[in-house]
Each structure stands twice: as structure tokens, then as C-alpha cells.
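For reference, positions follow the sequence shown, starting with 1. Only this structure's heavy atoms are used, side chains among them; waters, hydrogens and symmetry mates stay out.
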Amino acid sequence: MEQLLAALGDQKLIVDLRLGVYHFGKNLGKTHDHGTGFRIKYNDLLQYAYTENLN
């Protein structure tokens, strides 16, 4: 959790609201929601990530 907050504070992790509008068909003009996502560059991910030995 600490790494997540640090990445957000450093503006390396971006919250992506994935909304769209249908361009054709019976739902033409209606919005659709693909959910919320997070984006981070791979090199930045390595800066904030760590691994644990689960054994």
C-alpha cells in the first residue's frame, strides 16, 4: 500500500477512467464503462515494486 501511495504522489501511477461512447448500432451515442485502471511505465513499476518469498 505504501508503494502505491508513493507512486501516486510522485505522479508515476496514473488512474485511468476508461469511458467510451458507442459509435454505431442500437446503442449509438450511449456511454459505456470499461472500468477503472491504473497505468505505470515498466521502469517506474520496478522502482516501486518488490517481491516476497512466500515459502
Side-chain angles (χ1 to χ4, degrees):
M1 184 64 150
E2 294 169 12
Q3 292 84 358
L4 175 72
L5 295 175
L8 279 169
D10 294 342
Q11 298 181 356
K12 300 292 184 174
L13 182 68
I14 306 299
V15 178
D16 187 10
L17 304 175
R18 300 180 307 158
L19 302 172
V21 177
Y22 290 103
H23 295 286
F24 52 86
K26 68 178 184 176
N27 292 320
L28 177 67
K30 292 183 180 178
T31 59
H32 55 277
D33 185 355
H34 292 282
T36 303
F38 295 93
R39 294 183 188 264
I40 189 169
K41 292 182 180 177
Y42 184 73
N43 288 337
D44 292 332
L45 176 64
L46 295 176
Q47 176 182 346
Y48 296 99
Y50 68 91
T51 60
E52 293 180 12
N53 186 354
L54 299 177
N55 293 328

Under the side-chain hydrogen bond (donor to acceptor under 3.5 Å, both in side chains) test, residues paired with D10 that sit two or more places apart: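 By the side-chain hydrogen bond (donor to acceptor under 3.5 Å, both in side chains) rule, D10 matches Y48.
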Min side-chain heavy-atom separation L19-T31 under 4.5 Å: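 Not in contact.
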Any pair counted as side chain to side chain donor-acceptor pair (under 3.5 Å), so long as it reaches residues 33-46, sequence neighbours left out: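 Non-adjacent pairs meeting side chain to side chain donor-acceptor pair (under 3.5 Å): D16-R39, H32-H34.
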Residue list, side-chain contact (heavy atoms from CB on, under 4.5 Å) with H23, at least two apart or on another chain: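 side-chain contact (heavy atoms from CB on, under 4.5 Å) list for H23, sorted by chain: empty.
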Nearest heavy-atom neighbours spanning [X] and [Y]:
X   : Y   : value
L13 : L8  : O-CD2, 3.5 Å
A7  : I40 : CB-CD1, 4.5 Å
V15 : F38 : CG2-CE2, 3.8 Å

